[in-house]
Each structure stands twice: as C-alpha cells, then as structure tokens.
Amino acid sequence: MIQRTLSIIKPDATARSLDGAILKMIQEAGLKVVAMKRLHLTAEQAGGFYAVHKERPFYNDLCSFMSSGPVLVSVLEGEDAIARYRTLMGATNPEKAEEGTIRKAYAQNIEANSVHGSDAPETAAFEISYFFSQLEIVG
Ligand code: IDP
Ligand code: MG
C-alpha cells in the first residue's frame, strides 16, 4: 500500500549540516519527498507535536532539544513508507541501531538522534497535518 509518513531532520543534524546526507539516504531508499519545509519550532510547538509523550520523564528535555535549532520537516511517500522509513532510521538509541541506518551513521545519543519518523498510519496522519496543508503536498 502506498503510504505517507512524516520525517523530521532534528536540530542536532541540521547543526552539523547533515540534512543533505540524510535526504540522500532517504531518496536512495526509494522514498519520495512530496513536501518539505525548514522551521525553528518553539518549545510549545514541539510539545504539541510530541503530546503523546507528555507523561514521559524525557518530555521537557525533548521539547527543549527540538526547539534548540532549525528542523527540516518533510512528507515521504512510497510503498509501505511508514515501516520502511522506521527501518532506515534505526533504533531510537543509536547504540542499538543497525549498520546502514541513519541513526547509526549520525545520531549522537538517545535524545539527539537526528531523525523522527511516524510510527503508524494514525500518527502519520496527525503529524503530517500538524505541519502541512493538502496544498503543500505534491505527490
Ligand atoms: P522514536 O523517535 O524512535 O519513535 P520515541 O520513543 O517515540 O522514539 O521517542 C521520541 C523521541 O524522544 C526520541 O526520538 C528521542 O529524541 C527522545 N527520547 C526517547 N527516549 C528517550 C530517553 O530515554 N531519553 C531521552 N530522550 C529520549
Ligand atoms: Mg516515536
């Protein structure tokens, strides 16, 4: 099934100018970038995006980190895009990420782990609409 998923290149990666390298990995994996924007989120905007993690101990740190610099937000489209992008990203903790994944290559630690990807169709729909209108998505 053709799906869309929400990707974020996080502040640790934009700070090191890794956006081009990460997008190259995404495109070489056969995922199509159908929307993109560069944003500097407020802590409140990051908090709304990560509302599902509100009760987690790392929530406040995560909101600070995600608003500490620019992010590159994009919509990726392709066959089974949600699971395929999760595989390409690698494990949340880069120490556990497999060779060939974005987090293995670039993540600094479990928080500053370079990329976000939606984890299910419902979260993808929420996350895409958090950043993009239908007009901004060009398949
Ligand atoms: P995911 O990004 O692999 O889906 P989630 O569990 O959804 O991982 O967590 C969202 C984000 O919160 C992670 O990507 C990471 O930036 C941060 N995070 C997750 N677990 C921890 C932790 O134990 N300590 C600090 N930050 C964490
Ligand atoms: Mg997640």
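Note that the structure is a prediction, hence the values are computed from the model and not measured. Atoms within a ligand are numbered from 1 in the order they appear, just like the ligands themselves.
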- Item | Backbone or side-chain N or O of His116 under 3.5 Å from ligand 1 N or O | no

- Arg86: heavy atom below 4.0 Å from ligand 1, yes or no? yes

- Item | Contact check, Lys10 vs ligand 1, heavy-atom distance below 4.0 Å | yes

- Item | Distance filter under 4.0 Å to Asn113 heavy atoms, resulting ligand 1 atoms | 13 (C), 14 (O), 15 (C), 16 (O)

- If you have a sec, work out which protein heavy atom is nearest atom 7 (O) of ligand 1 and how many Å separate them, to one decimal? His53 NE2, 2.9 Å

- Specify the protein heavy atom at minimum distance from atom 2 (O) of ligand 1: its residue, its atom name, and the distance to 0.1 Å. Arg103 NH2, 3.0 Å

- Note on the structure: Among Thr123, Ile110, Asn109, closest by heavy atom to atom 15 (C) of ligand 1 is Ile110

- Query: Do the ring planes of Phe131 and Phe49 sit parallel (below 30°), tilted (30 to 60°) or perpendicular (above 60°)?
  - Reply: tilted

- Are Val73 and Phe65 connected in a single hydrophobic cluster, I mean Ile/Leu/Val/Met/Phe/Trp/Tyr linked by side-chain heavy atoms less than 4.5 Å apart? yes

- Message: Please list the nearest protein heavy atom to atom 17 (C) of ligand 1 with its residue and the distance rounded to 0.1 Å.
- Response: Leu62 CD1, 3.8 Å

- So is Asp119 close enough to ligand 1, meaning a heavy atom under 4.0 angstrom away? no

- Gap separating the OH atom of Tyr85 from the CG atom of Leu31, nearest 0.5 angstrom: 8.5 Å

- Note on the structure: heavy-atom search around atom 19 (C) of ligand 1 in the protein gives Phe58 CZ, 3.5 Å

- Does any N or O in the side chain of Asn113 come within less than 3.5 Å of the main-chain N or O of Thr92, such that one atom is a donor and the other an acceptor? yes

- Query: Say you draw a straight line from CE of Met1 to CD1 of Ile82; how long is it, rounded to the nearest 0.5 Å?
  - Reply: 7.5 Å

- Item | Crowding at NZ, Lys96 (>12 non-hydrogen neighbours, <6.0 Å) | no

- Message: Starting from atom 16 (O) of ligand 1, what is the nearest protein heavy atom, named by residue and atom, and what distance separates them?
- Response: Glu111 O, 2.8 Å

- Name the closest protein heavy atom to atom 1 (P) of ligand 1, giving the residue it belongs to and the distance to 0.1 Å. Thr92 OG1, 3.6 Å

- NZ (Lys10) and CD (Glu111) are apart, to the nearest 0.5 Å, by 8.0 Å

- Message: I'd like to know if the side chain of Glu28 and the backbone of Met25 have a donor-acceptor N/O pair within less than 3.5 Å.
- Response: no

